[in-house]
Amino acid sequence: MAPMTRNRCPENIPTDLTAAYYRQRATAGLIITEGAQISEQGIGYPATPGIHAPGQIKGWRRVTDAVHEAGGRIFVQPWHCGRISHPDFHAGQAPVAPSAIRPAGQAFTFKGMQDFVTPRALETDEIPGIVEQYRHAATCAVDAGFDGVEIHAANGYLIDQFLRDRTNHRTDAYGGPIENRIRFLAEVAEAICSEIGAERVGVRISPVNQFNDIDDSSPQELFNCVAETLGGIGIACLHVVEVSMSGKPDTSVDFTEIRHRFPGRYMANGGYTKQRANEAIAGGHADLVSFGVPFLANPDLVRRFRLNTALNEANPDTFYGGGAEGYTDYPCLEDA
Ligand code: 8OZ
């Protein structure tokens, strides 16, 4: 089950409803949770969970216990939004980013949509502290009972902002050539691997996604290098969003090149059907395939695939925020 933001954690703490939602989906071979902030500084949306404070660990413990009781496995997704945020989340201060470049578009805040602001560029000497926030989040993940973590390096958030030359104009060791732009991700991955063991660490990337006003002049070269670097660090799994946010396939990046540079497991994501997923695995394109929206709407997706039955349609109106409706009320097949 692919990570999906649901904005149903008031005070940034997972609730019993969160636990019920993930428990319902525990037959997934592996659940990756929605993004969870590594710090207050990492917040960018209302009602998204954190994974850095004692109350959050307690909330997540209910989730991991529920999933484990139901026989599942679950990784949390440590997340820092960087510039995809708003001063309303930071006591009026600007969000932080690799460079002071304002994203086009609007932030989703408690007061509705508001224009993005120009972020504050991080000082070089602040960066090790953020790497430590990621390390701390991984420690909290273990305390909360997670089986592992998947670092969120996709979709235009802080790590992706460091990776891409459109959002990273730094002139220090974290900007400029590709090896420098990868440094922040590499340091985060190394810190987390040394804390919890590389076999429990994944990284998610989205090479063709332009969501959140992100872009790069040579994504193939950049992500080939990301794959090689992460392979060298020894992470277990590289999770690749192979589509743009519109869901359309994009041929500007050849994913097999990325796959061949990464010695660990390759997990493909983005618009797969059961048939295309089975073909991707049988043909050697991927080791695993993750499903997002189909899992949101079908808690028993695995059983439905096994029985070749119809799937529930997802309702986009209830993706973000609200309560049980569109969250824990999607029906399972009648028990036969
Ligand atoms: C949709 C709405 C809010 C956040 C991502 C964490 O794109 C997200 C996200 C998606 O990775």
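Numbering of ligands and ligand atoms starts at 1, following listing order.
With hydrogens and angles left out, the side-chain atoms of E34 and Y22 include a donor and acceptor closer than 3.5 Å.
The side-chain hydrogen bond (donor to acceptor under 3.5 Å, both in side chains) test with Q41 is passed by exactly one of H80, Q93, E126, H52: H80.
Enumerated by chain and number, the residues approaching ligand 1 to less than 4.0 Å through a heavy atom are T5, Y45, W79, H152, N155, Y157, F211, Y320.
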Verdict with reasoning, Y157 to H152, per ring-ring contact (aromatic ring centres under 6.0 Å, His included): CA-CA 8 Å; Y157 300 105; H152 193 338; 5.3 Å; yes
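Interatomic distance, CZ of R135 versus CD of E187, reported as 10.5 Å (0.5 Å rounding).
You'll find the side chain of I32 stays beyond 4.5 Å of the side chain of M1, heavy atoms only.
Legend: salt bridge (charged side-chain N to carboxylate O under 4.0 Å, His left out) pairs involving residues 306-318, not counting sequence neighbours: none detected.
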